[in-house]
Amino acid sequence: MLKTNRTIGVISVLCTILQSCISVKEDHPNLILVLVDDMGWSDAGFAGSEFYHTPNIDKLANEGVVFVNAYSASPVSSPSRGAIYTGLSPAATQFTCVYGPETEVEGGDDLYPVSRYGVSSKTNQYNEAMHRHALPRSSRLFVDYLRNIGYKSAFFGKWHCGVGDGYYPEHRGFETALGHRIHHISTKGHYVKSFENNIVGLSDTTKYVSEALTDECVKFIEQNKENPFVVVLSHYLVHTPLQGLPDKVEHYKKTKTDIHNNSEYAAMIESVDDSMGNILAALERLDIQDNTVIIFTSDNGGYTPVSTSNYPHMGGKSFPFEGGMRVPFILKHPKSTHKISTERVIGMDIFPTFLDAANIKNDIRQEIDGISLLPVIRSQKMPSRSLVFHFPHYTHATGPFSSVIYEDWKLIRFYNDEEGAYLLYYLAEDPYEQNDLSSQMPVKIDELQLY
């Protein structure tokens with residue numbers, strides 16, 4: 001009888017331990033962010049394109065929530081990425097624009113002493129806001145909170161949030177960081193050898209850069225399959241220069257459509273899809289696919305007309321219109337089923353979504369601007385809110401502007417245009433911004449400026 005009781009006791013303890021392990025895994029799922037550079041909102045099969053071949057991204061979409069009204073926090077790369085990692089709007093961090101090359105400045109939380117166009121500018125010097133050299137050290141990244149509860153962390157690819165000691169991803173909380181030292185692709189193209197030894201840790205110069213980064217990402221996942229992990233795979237694709245793998249390029253030369261017809265760009269999209277396929281295959285091979293949260297998105301709208309078309313949305317990267325900030329956005333959660341969500345979401349929401357998924361609720365020591373997207377998974381209604389964008393800079397496409405979207409109304413404010421300072425659209429009836437209502441509804445303009 002004593003031996004039997006001991007056996008029962010041992011079994012009971014083992015069951016408790018097993019149940020505890022299962023609970024820990026459920027409470028702390030693996031977290032993966034796949035971030036593409038300059039991918040347009042419709043540049044995948046799941047988004048309706050008949051040109052791009054994206055079976056793996058489509059598979060992810062068919063298993064998760066597709067947000068059809070997703071926005072980047074900025075129409076350009078650096079500030080939108082900073083917003084993703086901190087949960088803060090670019091205006092809050094004053095990291096509002098792409099910074100200069102490494103030779104111009106290294107690191108520092110300070111603002112540039114002059115505008116991007118310099119003291120010699122006759123007009124822009126006084127009409128463009130100053131911005132930071134880097135994502136400020138005072139702003140904590142989501143990886144900080146996750147590491148505090150035992151997550152292993154890694155970053156692979158384009159960083160673009162600061163250079164110099166203290167400002168690379170390995171200084172901002174990521175234990176492993178590879179392939180990140182440059183922020184723009186060389187004009188020589190997207191093979192590792194084109195980076196002229198400026199890309200950290202990718203020694204095989206024969207590889208296409210997306211393949212090299214994905215191989216490192218898969219290796220990290222394999223090494224940490226027993227631990228909760230958070231990994232960012234930040235592609236240099238599909239940013240210019242447009243250089244796809246030759247066999248893929250030849251295929252797309254034969255299958256152009258009226259809207260999407262750039263064979264080099266299409267080949268690059270397919271390479272991103274291959275990367276997604278390798279990640280999904282690794283998760284399935286390691287039997288951790290049901291304990292992993294994946295977010296797939298882009299840092300800003302597609303670069304038109306050079307790379308893609310965002311039709312029927314107006315504009316593209318750098319523009320204040322929908323095409324500049326509308327991005328693909330997929331959220332796959334262990335408890336999610338396929339769903340199309342029309343909720344308006346933004347890059348800052350990734351931070352609280354990851355922390356919510358990891359059951360971190362009371363340790364956020366900075367006020368953040370995003371909200372968790374997990375209520376959509378739970379079929380709960382998200383709170384009403386405004387989306388505010390602040391880009392006080394000049395580009396090839398625009399001058400300094402801010403915009404706000406609230407209850408289907410969108411107001412754009414141009415700061416250096418006295419006669420055409422405002423554009424007003426009602427997106428519920430005019431999603432492609434064809435009918436400016438600003439002259440007809442001055443009261444609505446005053447109302448929206450309060451948000």
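Side-chain atoms of Ser80 come within 3.5 Å of backbone atoms of Val76 as a donor-acceptor pair (strictly under, hydrogens ignored). A donor-acceptor distance shorter than 3.5 angstrom exists from the side chain of Thr297 to the backbone of Pro328, with no hydrogens or angles considered. With Ser386 contributing its side chain and Tyr406 its backbone, the two residues share no donor-acceptor pair below 3.5 Å. A donor-acceptor distance shorter than 3.5 angstrom exists from the side chain of Gln243 to the backbone of His190, with no hydrogens or angles considered. Not one N or O on the side chain of Asn69 forms a donor-acceptor pair closer than 3.5 Å with the backbone of Glu343. Using a distance-only test at 3.5 Å, with no hydrogens or angles considered, no donor-acceptor pair links the side chain of Asp349 to the main chain of Val345. Looking only at distances, no side-chain donor or acceptor of Arg132 sits under 3.5 Å from a matching main-chain atom of Gly162. Within the 3.5 Å criterion, the main-chain N or O of Ser210 finds a donor-acceptor partner in the side chain of Thr214. Formation of a donor-acceptor pair under 3.5 Å by the Ser234 side chain with backbone atoms of Lys158 is found in this model. No side-chain donor-acceptor contact under 3.5 Å links Trp409 to the backbone of Leu424.
Annotation for Tyr426: atom OH counts as buried by contact number, over 12 foreign heavy atoms lying within 6.0 Å.
Atoms NZ and CZ, on Lys219 and Phe156 in that order, are 9.0 Å from each other to the nearest 0.5 Å. Expressed to the nearest 0.5 Å, how far CD1 of Ile330 lies from NE2 of His338 amounts to 10.0 Å. With rounding to the nearest 0.5 angstrom, the CD1 atom of Ile294 is 9.5 Å from the CD atom of Gln289. For the atom pair OG of Ser78 and CG of Leu135, the computed distance is 9.5 Å after rounding to the nearest 0.5 Å. Rounding to the nearest 0.5 Å gives a distance of 12.0 Å between OG of Ser336 and CG of Leu373. Distance check: Leu331 CG to Phe67 CZ gives 5.5 Å after rounding to the nearest 0.5 Å.
For the residue pair Asp58 / Thr54, a side-chain donor-acceptor distance below 3.5 Å is found, with atom types taken as modelled. In this model, a donor atom of one side chain and an acceptor atom of the other lie less than 3.5 Å apart for Asn30 and Thr292. With hydrogens and angles left out, the side-chain atoms of Thr96 and His393 include a donor and acceptor closer than 3.5 Å. Under the 3.5 Å distance criterion, with hydrogens and angles disregarded, a donor-acceptor pair is assigned to the side chains of His235 and Ser275. Side chain to side chain, Ser318 and Tyr303 fail the donor-acceptor criterion of an N or O pair below 3.5 Å. Between the side chains of Asn300 and Ser72, no donor-acceptor pair of N or O atoms lies under 3.5 Å. A side-chain donor from one of Lys339 and Ser379 sits under 3.5 Å from a side-chain acceptor of the other. For the residue pair Arg81/Ser74, the side-chain donor-acceptor check at 3.5 Å is not satisfied. Side chains of Ser77 and Asp299: a donor-acceptor N/O pair is present below 3.5 angstrom, by distance only. Between the side chains of Gln449 and Tyr422, a donor-acceptor pair is found at a separation under 3.5 Å. For Tyr265 and Asp43, the side-chain atoms include at least one donor-acceptor pair closer than 3.5 Å.
Salt-bridge formation is not detected for the pair Asp287/Lys225: no Lys NZ or Arg NE/NH1/NH2 atom is positioned less than 4.0 Å from an Asp or Glu carboxylate oxygen. Remark: Asp274 engages Lys248 in a salt bridge, criterion side-chain N to carboxylate O under 4.0 Å. The pair Lys444-Glu447 meets the salt-bridge criterion, with a side-chain N (NZ, NE, NH1 or NH2) lying under 4.0 Å from an Asp/Glu carboxylate O.
In this structure, Gln434 and Met314 have side chains that are in contact, with non-hydrogen atoms separated by less than 4.5 Å. Between Phe142 and Leu355 there is a side-chain heavy-atom pair separated by less than 4.5 Å. Between Cys161 and Phe95 there is a side-chain heavy-atom pair separated by less than 4.5 Å. Within the 4.5 Å cutoff, no side-chain heavy atoms of Phe351 are placed close to those of Asp369. Contact check for His28 versus Asn291: no side-chain heavy atoms found under the 4.5 Å cut-off. Within the 4.5 Å cutoff, side-chain heavy atoms of Val209 are placed close to those of Tyr236. Inter-residue side-chain proximity for Met348 and Ile368 is flagged as unmet; no heavy-atom pair is nearer than 4.5 Å. Using a 4.5 Å cut-off on side-chain heavy atoms (C-beta onward), Phe389 and Val404 make no contact.
Ring planes of Phe51 and His260: parallel class, angle under 30° (limits at 30 and 60°). Using the six-membered ring where Trp is involved, Tyr85 and Trp159 have ring planes that are parallel, under 30° apart on the 30 and 60° scheme.
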Original post:
Should Phe174 and Val231 be marked as a side-chain contact (heavy atoms from CB on, under 4.5 Å) after you check the CA-CA gap, both sets of side-chain angles, and the distance that decides it?
Top reply: CA-CA 9 Å; Phe174 292 96; Val231 58; over 6 Å; no
**OP:** Test Glu170 against His180 for side-chain hydrogen bond (donor to acceptor under 3.5 Å, both in side chains), laying out the working first.
**Re:** CA-CA 10 Å; Glu170 64 266 35; His180 61 275; 2.8 Å; yes
**OP:** List the steps, then state whether side-chain hydrogen bond (donor to acceptor under 3.5 Å, both in side chains) holds for His390 with Ser89.
**Re:** CA-CA 8 Å; His390 185 55; Ser89 73; over 6 Å; no
**OP:** Decide yes or no on salt bridge (Lys or Arg N to Asp or Glu O under 4.0 Å) for Asp215 and Lys207, but give the supporting numbers first.
**Re:** CA-CA 10 Å; Asp215 287 350; Lys207 287 184 177 179; 2.5 Å; yes
Original post:
Does the pair Phe155 and Thr176 meet the rule for a side-chain contact (heavy atoms from CB on, under 4.5 Å), with working shown?
Top reply: CA-CA 6 Å; Phe155 186 97; Thr176 299; over 6 Å; no
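Scored by the salt bridge (charged side-chain N to carboxylate O under 4.0 Å, His left out) test, Asp290 finds no partners at all (sequence neighbours excluded).
Applying side-chain contact (heavy atoms from CB on, under 4.5 Å) to Ile295 and the options Ile32, Leu33, Leu35 leaves one that passes, Leu33.
Contact detail for Leu88 and Ser139: the closest heavy-atom pair is CD1-OG, 3.7 Å. Minimum interatomic distance between Gly399 and Tyr394 (heavy atoms only, all atoms of both residues): CA-CD2, 3.8 Å. Annotation for Tyr208 and Ser271: closest pair CE2-OG, 3.5 Å, computed over non-hydrogen atoms. Taking both residues in full, the closest heavy atoms of Ile149 and Ala358 are given as CD1-O, 3.9 Å, listed atom of the first, atom of the second, then distance. Nearest approach of Glu284 to Lys59, heavy atoms of both residues: OE2-NZ, 3.2 Å. The two residues Ser307 and Thr240 make their nearest non-hydrogen contact at OG-CG2, 3.8 Å.
By the 6.0 Å and 45° rule, Arg413 does not stack over the aromatic ring of Phe401. Annotation: cation-pi pair Arg326/Tyr71 present, NZ/CZ under 6.0 Å from the ring centroid and within 45° of its normal. Figure legend: Lys152 and Phe229 shown without cation-pi pairing, the cationic atom not lying both under 6.0 angstrom from the six-membered ring centre and within 45 degrees of its axis.
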